[in-house]
Each structure stands twice: as structure tokens, then as C-alpha cells.
Protein chains: 2
Amino acid sequence: MTYIQSSAAESPRALRRDEQRFVPLPFLTSCEHTQRRLNKEMSIRHFEAGETLQVRGCCHHRIHIILQGTATLSTSLPDGRTQILRLLMPSDLIGRLGSETTRYDVTAISDVMAGSISRHEFESLLRISPEMTRRVLHSTLRELDEARDWLLLLGRKTAIEKLASFLLTLQRRSQNLRPNLVRLPLCQFELADLLGLTHETISRQLANLRDQGVIECHGPRQIEILDIDSLVDMSGGEIDECDISYVMQ
Amino acid sequence: MTYIQSSAAESPRALRRDEQRFVPLPFLTSCEHTQRRLNKEMSIRHFEAGETLQVRGCCHHRIHIILQGTATLSTSLPDGRTQILRLLMPSDLIGRLGSETTRYDVTAISDVMAGSISRHEFESLLRISPEMTRRVLHSTLRELDEARDWLLLLGRKTAIEKLASFLLTLQRRSQNLRPNLVRLPLCQFELADLLGLTHETISRQLANLRDQGVIECHGPRQIEILDIDSLVDMSGGEIDECDISYVMQ
DNA sequence: CGGAATCTTGATCAACTTCAAGCGTCGTGG
DNA sequence: CCACGACGCTTGAAGTTGATCAAGATTCCG
């Protein structure tokens, strides 16, 4: 992983002092030339929580790479029902390679720092660097797997199974000191839009888990998993994180 | 598009005589060398309707490219609930690039003819040919868009909206002489697994559409769309086929 | 013709939504 | 510093959708 220096002039908001200086920059290749060009062309942008990074159906000219913070990728029906398609985390790409127009909405749900680069620039880098193309292909394939796992969750799981599955995903993903202490990156409204439920159902099922002693809530967003085995049972069968060996490098 | 000749010795089953001779072979590049090697390494295989092409969680060594026929990509929970993730049609890849193990099941729902090539061979072709890699990336991005559109359908649409949306997708995709005559590639059980419903609900909602005069059924699998505007209204807002301009060639 | 698979229809039921009201917390402005 | 409103969360009651269970009808094929 290579790093880019974030200049002090760009005044990151709500980012801790010691996090400001160096930012991991993904998709960099071993090729010096490509790397220099990516460094040169990419600028750092900051977005506040709640800010819109992308609106679907719009012409877009810049690709963003999340460096810090979380955003949602979402879409909705004309009557307002919305579905969150994915949480975007550091190293995720925002924008649609190969298309003039975006297809989904992107909204920051925490303060977000992102690398910004012109889409044409990024695409011409891909044309130059087969290695970078392979890396992007690779991460796209992983996103596709994730989306497909989510299809099973949305199409076939019950409310409690959806919630249990999601908590387990969070737990797996978090590299906390206390691995069973999970911080919800979303409020219950957003959680509902992610799991295809209503916020009332989310609240009730969380209470349900709490009453059964499976979780304990420390504040509205801090959840401690007390009984992970029960949670696994209630998730209706987890799709194991497949150990994808990275043959494609 | 380049073509490969299907040798008579391989005796395709249930494929019409005039379809047997030449098969479109996708992902071919303008590079002569790559093309020759792909031609050389790929063999033709036939699968009968109902046959399993891939089981999830298994080690896999061969990539298949569907040349004719339809298969389903699916996954299921331990208790048997299953979700069909996508219909696989000609030019779709079967297998997971970059991973030793498969993640989903693939089942033929009609007789299928597929090109078969060793995964390592295919991956080393990708390493050689940046153009081919870009094409695969491109089609993966499109699959990702499709999967995400399906997330909205499964998470937020009602039964009738799901069915209407699917019929419209079929209609859009079919290049029939009579564009409003749609052939269902699936039985109602499979349709249920695709739309996240039960087969009884499918049957009832089809009857519903029939009673309202929106569709007319000619046999169990032939559906004529009588009132496409109503169908669009009932679909709860279609995601427009975005006109992705192929900037990435 | 017989049997399996598929489709249809009805009755009942459960899960989840909808609607409604109330509570706690936080931030802002008087 | 307190009051107020916005927002997020909780809980209850009622309503709907779609699932489940069950029984037939139809089609398909050997």
C-alpha cells in the first residue's frame, strides 16, 4: 500500500489530528509511472455527514476513492421507498467506470475524505496499466459476490435473520480491541433501508435480541454481542466468508 | 464477434440443425494471438436441462461460457429456501475468476451449450491481453448494476411490482417478431425463487394481471402483454435501462 | 393410461407494515 | 440557562400482504 500526503491547507473536518497526515491510496501498482501519475492527478476532497456525493442518473466526470469515513450507495422508487445497496468504506470507488452517467445515489453518513480524480484520467490509467485493471476487476468481482449474498438476504431471510446476519457481518469486519463490541455505522432508519424493513421492525427486533440476552446495547449505536452462537443460529445460515485466494495478481 | 465451429462429433442435443454450426464466442479480442489461443483451448460441452453445471463451495478448474441456452445462478439457505440470483444467457461466464472455489450453484434450465476452458488458461489469457481484461471488467460492471437493480426489487417491491418488473425486463430483452409476446424461461417455482416469493403468489398475481386484461396467457409459458403502459405503472417505477456508452474499449 | 410435475384456487395464519402516540437526546436560539 | 423543536427510538394496536396448508385441475410424457 502506498500513501499520499494530505496537505494541511485542505482542512479536514472532524478527522482526528493523527489521522490527517497520511492516507492509504488503493489501486496503486508496482509501476512507478502509473503511480506518479495517479498521485499527481488525485486531489483530496472532504464531505460532511449527510452530504450527497453522487446523484443517480447524472452525468459524472470524476471518480472518488473513499479514504476515510462511510457512505451509502442507494437507489429508490418514485414513491420514496429506498434501498441501500452497500456501505462504502475506505478503498471503495464511487462513480461508474465505462459510463457517462451514474446509476445510484451516494450519501456520506459520516464525515468522508475521498481522493478525487477525473474519470477520463482514471480510465486512461486503466488503459495504460493492466495490473491496475486487474485490481479493479478483482475488487469488482468481490463487490458482485457481496451484492449476490445480499440478494439472498433480501429475498429469503426473515427480519430477525436479516438483522442477525448484518450484526455478524459488522462483527467480522470490525477489528476492534473487543471484537464483540460493534458500532452501528447507521441509524435505524438507514438500517431499515439496508435490510429491506421498516425502522419499527428494526427497533422491535433489536429489543427482541436484547430481551433474549443475545446482545446488550451500550448507547443507541454501540452493541455488544453476548452470545455469538445464538446470533449465528438466528442468522438462518451464514454465507461463509469465502477465502478467495488472490490468483489474479 | 468471432465464431468458432462446433464439430459434428460433439453431437449437440436438442439444438436445431441450423443453429449447430457456428457459435458466437465472446470476449475475443482484436489480437490474433490471444484469439488463436482461446480458440485452441476452448472445447464445446453440452448440458441437458436440469443438469448441474456448478455447485457452490467446490473447487473449480474450468470456466464455462454459455453459447446457447439458459441456466440459473442461485444460492440457498441450509433449510432449503433458495434465491435465484441471475439468469445466465449466451455470452455469460460461469465460474469465479480469481478464486479456487465457487460461491454459487449453476443449473441448466434448458439444454445448454457452453465453451469450456481451464480457469488457469483463461486467467493467463487475461494476464496477456489487457483488452480482454477490460472486456471482462466491463461485463462484470454490468452484472453488478443488474444485481443492484435486483436488490431494489427484492428489498422494496411488492409481489405484483416484482412480477410486472420481470415481465418488462423479459419483454425488453426479447427480440421477437411480436415484441409483446414473451416466453417465460422458467416455471413458476423458479420464478418464485427469482422474485423472492412463493409459487402460489406467482400464480395468483399472474391470474390478477390476466383478470385485469394486462396480459393474456397462451399456454403456461407464453405470455402476451396486452397493455404495456399498465404493466409499467404496476411495476412501481422501472429503472431505465441506462444507455451505458462503452467508453472503455 | 397412469403418474409426476406443474399450476390453480381457497382458507387460514403469521410476519411485517402502517398508523399513532409518547419518550429521550441533542443542538440552537432566546 | 432553559425552552423548544428536530430527530431518532420505542411501543401499542390494527391492518395487509404474502406465506402456509390443503385440495384439485391440468399438462406433460413415458
Side-chain angles (χ1 to χ4, degrees), chain A residues 14 48-50 72 77 79-84 107 109-110 153-166 183-211 215-223 234 236, chain B residues 13-14 48-50 72 77 79-83 107 109-111 153-166 183-212 215-223 234 236:
Chain A
E48 282 177 59
T72 58
L77 296 170
D79 66 3
R81 282 173 284 173
T82 90
Q83 178 67 48
I84 293 180
T107 313
I109 54 174
S110 72
L153 179 137
L154 289 181
R156 288 308 189 191
K157 289 195 172 178
T158 64
I160 190 69
E161 288 170 344
K162 287 175 175 181
L163 193 54
S165 302
F166 180 64
R183 193 187 139 65
L184 289 181
L186 309 139
C187 74
Q188 293 188 9
F189 273 87
E190 294 159 334
L191 210 41
D193 284 341
L194 181 65
L195 299 178
L197 300 165
T198 60
H199 69 102
E200 293 98 328
T201 301
I202 297 290
S203 176
R204 277 185 249 266
Q205 298 295 356
L206 275 174
N208 186 357
L209 289 176
R210 205 184 329 110
D211 296 346
I215 61 170
E216 193 176 326
C217 301
H218 309 290
R221 295 263 188 124
Q222 284 289 349
I223 289 181
M234 300 174 92
Chain B
R13 289 183 288 266
E48 281 176 58
T72 58
L77 295 171
D79 66 3
R81 282 172 285 173
T82 90
Q83 178 66 49
T107 313
I109 54 174
S110 71
D111 288 355
L153 179 138
L154 289 181
R156 288 308 190 191
K157 288 195 173 179
T158 65
I160 190 69
E161 288 170 343
K162 287 174 174 180
L163 193 55
S165 301
F166 180 64
R183 193 188 139 66
L184 289 181
L186 310 137
C187 73
Q188 292 187 10
F189 273 88
E190 294 160 333
L191 210 41
D193 284 341
L194 181 65
L195 300 178
L197 300 165
T198 59
H199 68 102
E200 294 98 327
T201 301
I202 297 291
S203 176
R204 275 186 250 268
Q205 298 295 356
L206 275 174
N208 187 356
L209 289 175
R210 203 183 332 108
D211 296 347
Q212 291 186 47
I215 61 170
E216 193 176 327
C217 300
H218 308 291
R221 295 261 189 126
Q222 283 289 349
I223 289 181
M234 299 173 93

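Every chain is numbered from 1 and lettered A, B, ... according to where its sequence line falls, protein lines coming before strand lines.
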Inset, instruction - Mind calculating the distance between CD (E190(B)) and P (dA5(C)) to the nearest angstrom? - result: 13 Å
Inset, instruction - Using whole Å, report how far CG of L186(B) lies from P of dC7(C). - result: 10 Å
Legend entry - Phosphate OP1/OP2 of dT10(D) contacted by R210(A) side-chain N/O (<4.0 Å): yes
Legend entry - Annotated protein contacts, base or backbone, on nucleotides 17-30 of chain D with a non-hydrogen cut-off under 4.0 Å, one of B, S, - each: -SSBB---------
Legend entry - Whether R210(B) side chain and Q205(B) backbone form a donor-acceptor pair below 3.5 Å: no
Legend entry - Side chain Q83(A), main chain L194(A), donor-acceptor under 3.5 Å: yes
Inset, instruction - Using whole Å, report how far CZ of F189(B) lies from P of dA4(C). - result: 15 Å
Legend entry - Rounded distance (Å) that lies between atom P of dG8(D) and atom CG of D193(A): 12 Å
Inset, instruction - Could you state the atom-to-atom distance from CD of Q222(B) to P of dT6(C) in whole Å? - result: 18 Å
Legend entry - Between CG on residue L184(B) and CG on residue L206(B), distance to nearest 0.5 Å: 7.0 Å
Legend entry - L186(A) side chain reached by T72(A) side chain, heavy atoms, under 4.5 Å: yes
Legend entry - Side-chain donor/acceptor of R156(B) to backbone N/O of R81(A), under 3.5 Å: no
Legend entry - Backbone of R183(B) reached by a side-chain donor or acceptor of R221(B) within 3.5 Å: no
Inset, instruction - Report the distance from atom CD of Q188(A) to atom P of dT25(C), rounded to the nearest whole Å. - result: 15 Å
Legend entry - Euclidean distance, atom CD1 of residue I202(A) to atom P of dA15(C) [Å, nearest integer]: 17 Å
Inset, instruction - Calculate the interatomic distance between L184(B) atom CG and dC7(C) atom C1'; express it in whole Å. - result: 13 Å
